[in-house]
Amino acid sequence: MRSPRPTPPDDSPSSSARLAPSPRIPSYETDAYGPFDAPTPHTPVELAVLLALLAAPHDPGDRAPRRRRTAPVTLTIGHSRDDASATAAAAFAEAWRAAGGTVLALVDWPERAASWLRPARRFTAGEPDAWVVAAAPLGWAQMSRRLRHSTAWDPFRTYGFASVGDSRLVALAGSETLHGMRGATPDGGTWLMDRRWVTRQPPRLTPDRT
């Protein structure tokens with residue numbers, strides 16, 4: 001399922017830097033796309049699919065110029081301050097460490113702030129191989145704009161729980177801001193942010209499923 005969203009006149013990577021939106025989203029825009037539901041608790045299959053996405057290299061057919069070719073080892077995990085997001089972030093950190101990976105930091109941020117610059121710097125400190133996000137949509141939209149505006153953060157190396165697989169984020173953050181980010185759905189499917197689209201794939205069938 002694909003959801004169209006506005007896009008700037010030029011979608012090339014070089015133009016995205018020139019056309020980077022102001023980090024803070026105006027209240028009239030957040031009001032137009034809200035209200036957002038609070039994140040719900042993650043599911044075991046959602047966590048498993050997210051781990052699998054990180055464990056496997058990107059599809060060789062992926063045309064993303066900065067695509068990852070090897071599985072990451074070090075992660076930074078970001079989350080908003082609601083209970084469901086904090087719990088999901090902690091669960092992913094535990095699972096990643098159990099699999100032999102390294103978590104450089106768990107970084108949280110508020111839904112409303114003056115600039116989100118401090119958490120953005122913490123989120124990108126240490127140059128992790130990848131990032132994982134469990135967050136309420138509006139706070140992540142604000143945070144991602146600050147990240148794209150002020151840091152070397154790369155959405156192609158960023159993975160999210162279902163709570164941030166929301167098509168309204170594309171419109172709020174800007175079509176280039178989240179381009180390349182992917183994640184899992186509660187039923188074990190996946191989603192991908194592709195400029196002005198959010199594409200979702202259903203769960204893959206396994207031998208014990210019909």
Side-chain angles (χ1 to χ4, degrees), residues 3-39 64-66 75-82 85-86 88-89 104-128 130-183 191-199:
S3 304
R5 288 291 182 256
T7 185
D10 184 352
D11 273 340
S12 66
S14 59
S15 71
S16 67
R18 297 194 305 269
L19 299 175
S22 171
R24 191 179 179 90
I25 303 172
S27 59
Y28 65 84
E29 290 189 19
T30 61
D31 292 344
Y33 287 95
F36 290 90
D37 294 333
R66 295 170 292 174
L75 296 180
T76 290
I77 302 172
H79 63 90
S80 51
R81 295 173 180 173
D82 60 277
S85 296
L104 297 183
L106 275 82
V107 178
D108 64 74
W109 53 79
E111 290 298 282
R112 300 185 182 278
S115 73
W116 287 270
L117 182 57
R118 183 175 297 178
R121 286 174 172 169
R122 291 180 58 214
F123 195 62
T124 51
E127 300 182 354
W131 293 271
V132 172
V133 177
L138 182 56
W140 174 236
Q142 298 275 22
M143 175 72 166
S144 66
R145 281 165 65 119
R146 171 52 77 181
L147 285 165
R148 199 63 185 265
H149 188 275
S150 305
T151 73
W153 168 72
D154 184 357
F156 283 99
R157 293 187 284 131
T158 305
Y159 299 78
F161 282 85
S163 58
V164 290
D166 191 316
S167 61
R168 292 173 293 178
L169 286 175
V170 177
L172 285 171
S175 61
E176 284 292 321
T177 300
L178 294 166
H179 174 54
M181 184 178 177
R182 63 193 66 207
W191 52 265
L192 168 68
M193 291 184 171
D194 184 3
R195 293 190 170 88
R196 62 185 179 274
W197 305 97
V198 175
T199 302

Can you name the nearest heavy-atom pair linking [X] to [Y], along with the distance?
X: Leu169; Y: Pro137; result: CD2-O, 2.9 Å
X: Ala173; Y: Leu178; result: CB-CD1, 3.8 Å
X: Asp154; Y: Thr158; result: O-OG1, 2.9 Å
X: Phe161; Y: Ala88; result: CZ-O, 3.7 Å
X: Trp191; Y: Ala162; result: NE1-CA, 4.1 Å
X: Tyr159; Y: Ala130; result: CE1-CB, 4.4 Å

Original post:
Hey, mind stepping through His79 and Val133 against side chain to side chain contact (heavy atoms under 4.5 Å, CB included) and telling me if it holds?
Top reply: CA-CA 6 Å; His79 63 90; Val133 177; over 6 Å; no
Rounded to the nearest 0.5 Å, how far does [atom2] of [Y] lie from [atom1] of [X]?
X: Trp109; Y: Arg122; atom1: CH2; atom2: CZ; answer: 10.5 Å
X: Leu117; Y: Leu147; atom1: CG; atom2: CG; answer: 9.5 Å
X: Met143; Y: Asp108; atom1: CE; atom2: CG; answer: 9.5 Å
X: Arg182; Y: Phe156; atom1: CZ; atom2: CZ; answer: 8.0 Å

Subject >> Residue Arg118 excluded, over 12 heavy atoms near CZ under 6.0 Å >> reply: no
Subject >> Ser80 side chain to Ser85 side chain, donor-acceptor N/O pair below 3.5 angstrom >> reply: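 Side-chain D/A pair, Ser80 to Ser85: present.
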Using only atom types and a distance under 3.5 Å, with no angle test, would you say the side chain of [X] pairs donor to acceptor with the backbone of [Y]?
X: Ser163; Y: Ala135; value: yes
X: Thr151; Y: Thr124; value: no
X: Trp131; Y: Pro155; value: no
X: Arg145; Y: Thr177; value: no

Side chains of [X] and [Y], heavy atoms from C-beta outward: is any pair under 4.5 Å?
X: Leu172; Y: Trp140; answer: no
X: Phe123; Y: Pro128; answer: no
X: Met193; Y: His179; answer: no

Original post:
Mind checking what makes side-chain hydrogen bond (donor to acceptor under 3.5 Å, both in side chains) contact with Thr76, not counting sequence neighbours?
Top reply: none
